[in-house]
Asks: 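Have a look at this one before I ask anything.
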Number of protein chains: 2
Amino acid sequence: MSATIYDVAREAGVSMATVSRVVNGNPNVKPTTRKKVSEAIKRLGYRPNAVARGLASKKTTTVGVIIPDISSVFFSELARGIEDIATMYNYNIILCNSDQNKDKEVRLIQTLLGKQVDGLVFMGGKIAEDHIEEFTNSPVPVVLAATVDENEKIPSVNIDYEQAVYDVISHFIENGHRRIGFINGPLEIPINKHRLAGYKRALAAHDIPFEESLVSIGDYTYESGKEATVQFLAQEIKPTAIYVAADEMAIGAIHEIQDQGMKVPQDIEVVTSENTRLVQMVRPTLSSVAEPTYDIGAVAMRLLTKLMNSEKVETATVVLPHHIDYRQSTK
Amino acid sequence: MSATIYDVAREAGVSMATVSRVVNGNPNVKPTTRKKVSEAIKRLGYRPNAVARGLASKKTTTVGVIIPDISSVFFSELARGIEDIATMYNYNIILCNSDQNKDKEVRLIQTLLGKQVDGLVFMGGKIAEDHIEEFTNSPVPVVLAATVDENEKIPSVNIDYEQAVYDVISHFIENGHRRIGFINGPLEIPINKHRLAGYKRALAAHDIPFEESLVSIGDYTYESGKEATVQFLAQEIKPTAIYVAADEMAIGAIHEIQDQGMKVPQDIEVVTSENTRLVQMVRPTLSSVAEPTYDIGAVAMRLLTKLMNSEKVETATVVLPHHIDYRQSTK
DNA sequence: GTGAAAGCGCTAACAT
DNA sequence: ATGTTAGCGCTTTCAC
């Protein structure tokens with residue numbers, strides 16, 4: 001059994017209250033007693049029990065993080081942003097994979113609240129009624145990261161997905177493209193709805209009719225990017241540019257184009273969305289909407305610290321700036 | 001304030017012990033009272049406080065996971081393996097990035113033990129004396145994942161890194177290669193020492209002299225892979241095959257080879273080590289030592305559950321089988 | 001500046 | 001089958 005605060009108190013010849021003060025850096029302790037206590041702590045190898053502290057203080061300095069899949073390049077970069085800021089503010093994170101499964105998500109929220117986390121960062125796809133209910137009933141603050149709640153009820157950090165796609169497509173059109181393919185993710189997810197809206201708005205702004213056959217829905221995997229591209233390339237008049245909603249799908253698209261003997265960007269230009277490290281690891285390197293992945297995580301965690309600290313926040317719905325990094329997959 | 005076990009007891013007209021029994025699935029409860037209690041729980045929206053439970057029971061059903069960098073593809077796959085098995089056995093994980101910084105690692109271990117985790121999974125580079133001391137003093141079990149302790153004092157899960165490299169190099173030699181480049185990671189890390197040993201052993205077994213100039217040390221990044229390759233290709237007699245210790249470096253190597261107008265595998269064959277999803281996302285696809293990344297994490301966590309449960313384990317130093325997946329980067 | 005004492009919400013003997 | 005009673009190790013008033 002390791003030493004408790006009581007053991008230290010006895011060893012130092014003071015009360016546990018005083019030990020507690022020393023441990024917590026309370027200034028109301030005479031330097032000499034502080035020294036006595038510190039020495040006793042060292043001698044006994046005392047390490048405060050955070051669980052007991054959590055029970056007494058009702059703070060665990062731990063936040064829950066629910067993420068679709070930590071092994072995804074995109075989400076793991078987000079997670080790194082979250083963890084770095086958490087560390088900076090002295091929090092630890094309990095990390096849970098949800099696979100975007102609603103039941104699992106709800107269960108995880110409850111487990112984490114049961115563990116008395118001081119706050120929650122949630123990443124997911126669609127925010128349903130069930131989520132909203134859990135979040136609003138939560139005794140601790142919740143922040144969404146790279147996840148949009150259409151009602152804007154929950155604090156969140158995102159970019160303007162619609163505008164980002166609008167920018168890309170407009171750029172394509174201004175460079176003479178008329179048939180522009182779009183490999184999107186599932187439409188249940190609001191982010192993808194916004195992307196589609198941006199795509200349509202850009203076409204409309206340039207008087208180009210929308211064509212259903214130029215839009216394909218993938219599941220973010222390399223394979224689904226390839227498959228979508230197979231469809232596009234099977235058309236009599238192939239697209240000359242493709243916008244893709246996820247990096248792995250974009251790499252799939254590029255490879256399919258190349259496998260069919262065409263060249264990127266000469267025959268078809270490609271722009272992707274996530275700007276993960278992957279974009280540098282393909283040939284040609286991928287032009288991408290530069291969604292600040294790490295920053296979204298970092299800002300979300302920072303926002304959460306403010307909320308946990310009951311600080312006033314101007315806007316709880318943060319929209320981070322984006323830009324577009326043009327690399328070799330565009331002319 | 002949310003309801004406590006005491007509130008539920010009053011609401012159901014029983015004692016808190018009974019409520020506790022119901023909550024914990026203790027069979028010694030009459031079905032009718034169980035029902036009464038369950039209803040009271042539902043009515044009050046009672047959710048057990050895991051912190052209080054942890055203090056009373058001395059179990060938190062939480063394990064600490066120390067990882068160099070969650071945003072690395074390799075480690076995030078490992079982490080996923082760990083988390084999946086943790087979930088399966090009803091544990092949550094507190095995830096901490098160490099950046100392989102020894103001081104940070106030691107601090108994290110102490111923080112996690114302070115939070116009373118029931119066990120620890122550690123991933124890192126070199127295991128120093130300081131680590132060993134923390135681990136042996138730890139009141140809870142520790143398992144190393146994809147991390148070797150040269151003294152084999154701490155339970156661990158790995159593959160036979162030396163043999164893996166030996167296999168690759170032998171295969172190269174048997175296919176006629178004589179000059180084989182080797183892009184390794186830092187030698188302080190035992191895994192890389194083993195890799196180097198395998199490289200040397202294979203050469204020796206085939207009477208090929210070892211040449212210092214064919215071995216380069218990278219830092220696992222794409223860029224360092226490119227740079228090492230620049231060195232190799234600057235030699236009068238270039239290597240005709242290269243073995244690389246990490247996927248991102250291998251992609252850098254391939255791109256450098258291609259950028260210099262040579263072809264993989266025609267001019268130079270390349271084999272890498274981690275077999276992450278990246279190997280499928282390059283052209284040519286990368287042949288790789290198939291280190292079962294996810295499984296290492298999963299097995300490490302499984303081993304930890306046994307240790308936490310004080311079950312007997314045959315071998316605490318687990319060596320998982322590996323094989324080699326030959327893809328397009330080899331003939 | 002320091003100590004005493006009452007919880008925090010639960011589990012785990014021990015009774016009954 | 002159920003209730004009683006101590007803690008678990010700490011924080012936090014409230015006195016002094």
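It should be emphasised that the depicted structure is a prediction, and the values quoted were computed from it without experimental measurement. Just so it is clear, the values below take in all heavy atoms, side chains as well, and ignore hydrogens, waters and symmetry mates. Just so we're on the same page: letters track the sequence lines, and every chain starts at 1.
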Asks: Restricting to pairs with a member in residues 137-148 of chain A, which pass side-chain hydrogen bond (donor to acceptor under 3.5 Å, both in side chains), not counting sequence neighbours?
Replies: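 Listed once each, the pairs would be none.
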Asks: Give every donor-acceptor pair under 3.5 Å between a side-chain atom in residues 101-109 of chain B and any protein atom, sequence neighbours left out.
Replies:
{"residue": "K102(B)", "atom": "NZ", "partner": "D130(B)", "partner atom": "OD2", "Å": "3.3"}
{"residue": "E105(B)", "atom": "OE1", "partner": "H131(B)", "partner atom": "NE2", "Å": "2.6"}

Asks: Establish, with yes or no, whether the OP1 or OP2 oxygen of dG3(C) is under 4.0 angstrom from a side-chain nitrogen or oxygen of T18(A).
Replies: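 T18(A) to dG3(C) OP1/OP2: side-chain N or O found under 4.0 Å.
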Asks: How close do P141(B) and L304(B) get, counting heavy atoms only, and between which atoms?
Replies: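 For P141(B) and L304(B), the tightest heavy-atom pair comes out as O-CD1, 3.6 Å.
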Asks: Let me know, please, whether L55(B) or V14(B) comes out on the 5' side of the other along DNA chain D by nearest nucleotide.
Replies: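 Nearest nucleotide further toward 5': that of V14(B).
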Asks: Between R80(A) and D99(B), does any NZ, NE, NH1 or NH2 come within less than 4.0 Å of an OD or OE carboxylate oxygen?
Replies: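 The answer is yes: the pair qualifies as a salt bridge.
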Asks: Please enumerate all residues that pass side chain to side chain donor-acceptor pair (under 3.5 Å) together with E311(B), with sequence neighbours excluded.
Replies: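 E311(B): side chain to side chain donor-acceptor pair (under 3.5 Å) contacts with N309(B).
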Asks: Walk along nucleotides 11-16 of chain D from 5' to 3' and tag each nucleotide B, S or - by protein heavy-atom contact under 4.0 Å, base first, then sugar-phosphate.
Replies: BB----
Asks: Partners of T60(A) by side chain to side chain donor-acceptor pair (under 3.5 Å), sequence neighbours excluded?
Replies: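 If we apply the side chain to side chain donor-acceptor pair (under 3.5 Å) test to T60(A), skipping adjacent residues, the hits are D118(A).
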Asks: Could I get the full list of side chain to side chain contact (heavy atoms under 4.5 Å, CB included) partners for E152(B), not counting sequence neighbours?
Replies: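 Side chain to side chain contact (heavy atoms under 4.5 Å, CB included) list for E152(B), sorted by chain: T317(B).
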Asks: Between F74(A) and Y220(A) (judged by ring centroids, cut-off 6.0 Å), do the two rings come close enough to count as a pair?
Replies: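 Judged by ring-centre distance (under 6.0 Å), F74(A) and Y220(A) do not meet the cut-off.
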Asks: Tell me, please, which residues at least two apart from E134(A) pass side chain to side chain donor-acceptor pair (under 3.5 Å).
Replies: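 Partners of E134(A) under the side chain to side chain donor-acceptor pair (under 3.5 Å) test: Q110(A).
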Asks: Grab the CZ-P distance between R10(B) and dG3(D) for me, whole Å please.
Replies: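 Distance, rounded to whole Å: 15 Å.
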Asks: Rounded to whole angstroms, how far apart are NZ on K59(A) and C1' on dC8(C)?
Replies: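 These atoms are roughly 13 Å apart.
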Asks: For DNA chain C, determine which residues of residues 28-38 of chain A have any heavy atom closer than 4.0 angstrom to one of its atoms, and list them numerically.
Replies: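 Hits under 4.0 Å, by residue number: N28(A), V29(A), K30(A), T33(A).
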Asks: Apply side chain to side chain contact (heavy atoms under 4.5 Å, CB included) to D295(B) and list each qualifying residue two or more places apart in sequence or on a separate chain.
Replies: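 For D295(B), the residues satisfying side chain to side chain contact (heavy atoms under 4.5 Å, CB included) (neighbours in sequence not counted) are P292(B), L320(B).
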Asks: Once you build an axis from the first five pairs and another from the last five of the helix from dG1(C)-dC16(D) to dT16(C)-dA1(D), how far apart in angle are they, to 10 degrees?
Replies: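 For the helix from dG1(C)-dC16(D) to dT16(C)-dA1(D), the axes at either end differ by 30°.
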Asks: Let me know the distance between OH of Y6(A) and P of dG3(C), rounded to the nearest Å.
Replies: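 Y6(A) atom OH is separated from dG3(C) atom P by 12 Å.
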Asks: Indicate the atoms forming the closest heavy-atom contact of P68(A) with F75(A), along with that distance.
Replies: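 It is CG-CZ, 3.5 Å.
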Asks: So with a 6.0 Å cut-off around NZ of K153(A), is the heavy-atom count from everything else above 12?
Replies: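 Counting other residues, nucleotides and ligands, NZ of K153(A) stays at 12 neighbours or fewer.
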Asks: Distance check: side-chain N/O of K58(A) vs OP1/OP2 of dG9(C), anything under 4.0 Å?
Replies: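 Indeed, a polar side-chain atom of K58(A) lies that close.
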Asks: Does T4(A) make a side-chain N or O approach to OP1 or OP2 of dG9(D) shorter than 4.0 Å?
Replies: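 It does not, given that no N or O in the side chain of T4(A) lies less than 4.0 Å from OP1 or OP2 of dG9(D).
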Asks: Tell me every residue that passes side chain to side chain donor-acceptor pair (under 3.5 Å) with T293(A), counting only those two or more places apart in sequence or in another chain.
Replies: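 With sequence neighbours excluded, T293(A) shows a side chain to side chain donor-acceptor pair (under 3.5 Å) to no residue whatsoever.
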Asks: Please give, in whole Å, the distance from dA13(C) C1' to N26(B) CG?
Replies: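 These atoms are roughly 13 Å apart.
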Asks: In residues 110-119 of chain B, which ones come under 4.0 Å of DNA chain C, going by heavy atoms?
Replies: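 Of all residues in residues 110-119 of chain B, none places a heavy atom under 4.0 Å from DNA chain C.
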